[in-house]
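Below you'll find the structure, written out as structure tokens, and then a few comments.
For the numbers below, each heavy atom of this structure counts, side chains included, while hydrogens, waters and symmetry mates do not. Source: prediction; values computed, not measured. Nothing fancy with the numbering, it's 1 onward along the sequence.
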Amino acid sequence: MSNSPLRLGTRRSPMAIEQSRQVAEAVTRRAGRAVELIGITSAGDVSQEQLTQIGGTGVFVSALRSALLVGEVDFAVHSLKDLPTGSAEGIALAAIPVRDDPRDALAAAGGAKLADLPRCARIGTGSPRRAGQLLLLRGDLQPVPVRGNAGTRLARVESGDLDAVVLGHAGLARIGRLDAVTQVFEPDEMLPAAGQGALAVECLTGREDLVALLGCVDDAPSRAATTAERSMLGALQAGCAAPVGAYAAGTDVLRLRGVVVAADGGMALRGSASGPPAMAEAIGQQVAGELLSAEREVIRQCQVRQRPAGTSVAGTMTSEPRKRQGRKAGQG
């Protein structure tokens, strides 16, 4: 390997550039190699369609991987939650650095918390997972699909177009906008997306020297936790646009919790499992099995009662229609 600067491929959004800069500095500090950032535009960055309409999982990843494969960059940094769970031929997941805060955060007008928002408040989110869990917490809310970077979404709250938005706490921290956060959702309230708050560092599998070098920024506890979460997601055949939440934590014993929510917030299937970090993948598969068993039972009961049931816990599960107007604000 030469001593010329390593080329790091990154999306062009402010958040992506900042998280790539942090990885670049860590590689330079620990391995002594200079790193230069190369901006890459992905399909997800230029389209204003909802993620579920433009392919969901992978729309922010494919352009960076293509740049890797043609030799335009040496390695790439992604938000781990955007990474498809299946392996990519010729590409290695060389490192998962120390995970940042995985929780979701509310940014509301006037410093309001979720319970303070007016009835039928409009809350912006591009995530079916967040929308479903918001409705579990308060059935009167109106989730509004939004796209654009964090700054664009926060501006819609500041302009009065939305009452609030829900964003990842880690992303807001990276761009220096924690001042906008009015409430942080604990995992007991809202399970994050698999891999949320973590970064993925990829390079070509054939560059064994680079795989070894990038290993200097890998964090074993973060890799174990996110492996369990992504194993669950993969076993469900779901992606980052599915209404699925997963969160694993623990050092000696890794505990994973998973949830699949109905799009209308009328139903949630939950599962959990624990074990040693070395069994992270198996733990994820165990929780996925629990969720799939729960789905089959829901479908069976609905068939017995001759009621409609959803078709997939990982995609479009919907509950029996209900009337939300009878529920009080702040009640789940």
Side-chain angles (χ1 to χ4, degrees), residues 1-49 51 53-97 100 126 147-150 168 170-171 174-175 193-218 222-223 226 230 234 239-241:
M1 184 184 296
S2 70
N3 290 321
S4 59
L6 293 170
R7 300 163 299 166
L8 190 168
T10 176
R11 291 168 53 203
R12 297 179 184 274
S13 72
M15 188 180 300
I17 291 173
E18 175 57 26
Q19 62 195 28
S20 294
R21 184 192 64 78
Q22 292 177 12
V23 171
E25 289 182 350
V27 169
T28 299
R29 184 170 60 252
R30 298 180 188 183
R33 287 296 302 274
V35 179
E36 62 175 333
L37 269 56
I38 306 295
I40 305 291
T41 300
S42 74
D45 293 317
V46 298
S47 174
Q48 292 303 307
E49 298 292 330
L51 292 185
Q53 296 174 317
I54 59 175
T57 305
V59 297
F60 295 117
V61 173
S62 58
L64 291 175
R65 285 181 166 174
S66 295
L68 273 176
L69 292 170
V70 301
E72 184 179 345
V73 300
D74 297 303
F75 68 110
V77 171
H78 315 274
S79 292
L80 183 56
K81 68 180 180 63
D82 294 334
L83 211 63
T85 55
S87 60
E89 184 176 358
I91 294 178
L93 180 53
I96 297 177
D100 291 327
R147 284 295 313 279
N149 61 38
R174 289 169 189 152
I175 63 171
Q196 185 164 307
L199 300 177
V201 182
E202 290 189 324
C203 68
L204 297 181
T205 55
R207 297 191 60 179
E208 296 179 1
D209 54 346
L210 184 55
V211 173
L213 183 149
L214 295 174
C216 72
V217 297
D218 190 59
S222 297
R223 184 179 280 269
T226 56
R230 285 167 51 77
C240 66

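- The local environment of CD in Glu25 is crowded, with over 12 non-hydrogen atoms from other residues, nucleotides or ligands closer than 6.0 Å.
- We find the CG-OG distance between Asp100 and Ser222 to be 8.5 Å, quoted to the nearest 0.5 Å.
- Taking 4.5 Å as the limit, some side-chain heavy atom of Asp218 sits within range of a side-chain heavy atom of Arg223.
- Smallest separation of non-hydrogen atoms from Ile175 and Pro14: CG2-C, 4.2 Å.
- Looking at Leu6 and Leu210, their side chains come closer than 4.5 Å, going by heavy atoms from C-beta outward.
- Residues Arg11 and Asp82 meet the side-chain proximity criterion, which asks for heavy atoms closer than 4.5 Å.
- When all heavy atoms are compared, the tightest approach of Glu72 to Ile40 is OE2-CD1, 3.4 Å.
- Heavy atoms only, all atoms of each residue included: Leu37 and Ala24 are closest at CD1-CB, 4.0 Å.
- Leu8 places none of its side-chain heavy atoms less than 4.5 Å from the side chain of Val201.
- The shortest side-chain heavy-atom distance between Thr205 and Val211 does not fall under the 4.5 Å cut-off.
- Formation of a donor-acceptor pair under 3.5 Å by the Arg30 side chain with backbone atoms of Cys216 is found in this model.
- Residue Leu213 holds its CG atom at 10.5 Å from CG of Asp74, rounded to the nearest 0.5 Å.
- With rounding to the nearest 0.5 angstrom, the CG atom of Leu64 is 8.0 Å from the OG atom of Ser20.
- Remark: the Arg230 side chain and the Thr85 side chain contain no N/O donor-acceptor pair separated by less than 3.5 Å.
- Note that CG of Leu93 and CG of Leu214 are 10.5 Å apart. Values are rounded to the nearest 0.5 Å.
- No side-chain heavy atom of Val77 sits less than 4.5 Å from a side-chain heavy atom of Gln22.
- Listed for the Arg33 side chain is a donor-acceptor partner under 3.5 Å among the backbone atoms of Ser4.
- Taken to the nearest 0.5 Å, the CD1 atom of Ile91 stands 6.5 Å off from the CG atom of Leu204.
- The distance from atom OG1 of Thr226 to atom CG of Leu80, rounded to the nearest 0.5 Å, is 5.0 Å.
- With hydrogens and angles ignored, the 3.5 Å screen pairs no side-chain donor or acceptor of Arg174 with any backbone N or O of Gln19.
- With sequence neighbours excluded, the residues satisfying side-chain hydrogen bond (donor to acceptor under 3.5 Å, both in side chains) with Arg65 are Glu202.
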